[in-house]
There are 2 protein chains.
Amino acid sequence: MGFKHSDEAVERLKSKSIKPSMQRVAIMDYLILNRTHPSVDDVYKGLSASIPTLSRTTVYNTLKLFSDKGAALMLTIDESRVNFDGDTSPHTHFLCKNCGKIYDLQVPSPVKEVIGMSLAGHQISEIHYYYKGVCKACLEG
Amino acid sequence: MGFKHSDEAVERLKSKSIKPSMQRVAIMDYLILNRTHPSVDDVYKGLSASIPTLSRTTVYNTLKLFSDKGAALMLTIDESRVNFDGDTSPHTHFLCKNCGKIYDLQVPSPVKEVIGMSLAGHQISEIHYYYKGVCKACLEG
DNA sequence: TATAAAATTGTAATAATTACAATTATGGGA
DNA sequence: TCCCATAATTGTAATTATTACAATTTTATA
């Protein structure tokens with residue numbers, strides 16, 4: 001069964017100077033379609049059916065590449081695995097310590113973008129605001 | 001003033017309802033004396049000489065306990081290991097992607113403490129602001 | 001088409017973390 | 001004090017995420 005490439009995925013890769021191979025487009029497409037902050041394994045398992053030859057190493061390499069090139073965000077909010085976010089616009093994340101889900105939150109309004117600026121002499125390239133606790137669904141359940 | 005370090009460690013544990021066993025006091029003392037955001041292994045190696053029977057499992061369990069009880073912070077800024085901070089006062093962290101060191105930074109002034117409050121219906125118990133990039137020392141070196 | 005470079009794959013190795021059963025320490029009655 | 005229950009610690013083995021790396025396949029190009 002053929003894979004339907006999203007033009008958005010291809011465009012995203014091109015705009016970040018990443019050569020759009022079949023695997024890379026599929027992985028970027030997965031990130032764009034799945035806003036659940038998937039782990040490497042989530043991506044691998046989610047694509048294995050449609051790309052049976054896909055290797056875990058390729059998923060690792062590719063997601064690392066996306067993160068390095070700014071085509072995706074690598075989240076280190078969860079202590080036991082890394083998660084990825086196809087949405088690179090400024091926003092923050094909440095991890096539910098009960099169910100493990102990661103939610104998107106808006107940036108606190110007074111906080112401005114400071115990428116490329118320096119803090120205490122350090123050159124900043126990434127900003128991550130993480131909140132942890134118990135999510136609304138778990139509180140109500 | 002006047003607190004010997006281990007006294008400060010004992011007081012910290014008591015104030016967080018943690019029974020101050022010999023190992024726990026030693027580990028908390030290590031965190032108080034070593035403001036370098038040590039990993040589990042750093043703590044283990046740092047204490048092994050003075051406590052030869054210390055087990056890595058104890059260090060894991062104890063640091064997890066400290067984090068759960070709010071006696072220390074567990075940082076997930078580094079993708080490959082967890083780090084701990086004995087300073088639980090509000091501040092943020094910077095990870096140098098070149099040398100791997102973690103620096104303390106002040107909280108951006110407009111950002112207020114929101115522990116115990118809720119965001120989008122979620123109950124917040126931890127806030128972590130992480131910045132990544134290249135540190136001053138690496139830039140100058 | 002021939003060739004070099006880049007990308008992908010599969011396997012094996014590494015490192016962090018957890019599981020767990022056994023042992024040791026601690027504190028409170030009798 | 002001794003006994004007991006409980007909590008804490010230990011050591012080993014297992015698990016999991018991640019990385020290393022050599023072989024293979026794909027892509028671009030001359």
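Lettering of chains follows the sequences in order, A, B, ..., and the numbering in each one begins at 1. Keep in mind it's a predicted model, so treat the numbers as computed, not measured.
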Please give, in whole Å, the distance from [N] [atom2] to [X] [atom1]?
X       : N      : atom1 : atom2 : answer
B:Asp78 : D:dA17 : CG    : C1'   : 14 Å
A:Leu63 : C:dA7  : CG    : P     : 15 Å
A:Leu54 : C:dG10 : CG    : P     : 9 Å
A:Asp41 : D:dT16 : CG    : P     : 10 Å
A:Ile27 : C:dT8  : CD1   : P     : 8 Å
A:Asn61 : D:dA17 : CG    : C1'   : 14 Å
A:Tyr44 : C:dT8  : OH    : P     : 15 Å
A:Met22 : C:dA6  : CE    : C1'   : 16 Å

**Prompt:** Do the side-chain N and O atoms of B:Asp104 and B:His37 include a donor-acceptor pair separated by under 3.5 angstrom?
**Reply:** yes
**Message:** I want to confirm an ordering. Mapping A:Lys64 and B:Val59 to their closest nucleotides on DNA chain D, which one lands closer to the 5' end?
**Reply:** B:Val59
**Asked** How do B:Ser80 and B:Arg56 order along DNA chain D: which one's closest nucleotide is nearer the 5' end?
**Response** B:Arg56
Just call it for [X]: base, sugar-phosphate, or nothing, with non-hydrogen atoms closer than 4.0 Å on any strand.
X       : result
B:Ser39 : nothing
A:Ser21 : sugar-phosphate
B:Thr57 : base

**Request:** Report yes if at least one side-chain N or O of A:Gln23 is closer than 4.0 Å to OP1 or OP2 of D:dT26; otherwise report no.
**Result:** no
**Message:** Looking at D:dA8, I'd like to know if its phosphate oxygens (OP1 or OP2) sit under 4.0 Å from a side-chain N or O belonging to B:Arg24.
**Reply:** yes
Compare the minimum distances between each of [options] and the side chain of [X], then state the nucleotide with the smallest one.
X       : options               : result
B:Ser55 : D:dT10, D:dA7, C:dT17 : D:dT10
B:Tyr60 : D:dT19, C:dT18, D:dT9 : C:dT18
A:Arg81 : D:dT10, C:dT8, D:dA17 : D:dA17

**Message:** Regarding A:Asp85 and A:Arg35, does a basic nitrogen lie under 4.0 Å from an acidic carboxylate oxygen?
**Reply:** no
**Item:** Geometric class of the A:Tyr103/A:Phe94 ring pair [parallel <30°, tilted 30-60°, perpendicular >60°]
**Value:** tilted
**Item:** Residue whose nearest DNA chain C nucleotide is more 5′ - B:Lys19 or B:Val82
**Value:** B:Val82
**Prompt:** Would a distance-only check, ignoring hydrogens and angles, find a side-chain to backbone donor-acceptor pair under 3.5 Å from A:His122 to B:Lys136?
**Reply:** yes
**Request:** Measure centre to centre between the rings of B:Phe84 and B:Phe66, then say whether the value is under 6.0 Å.
**Result:** no
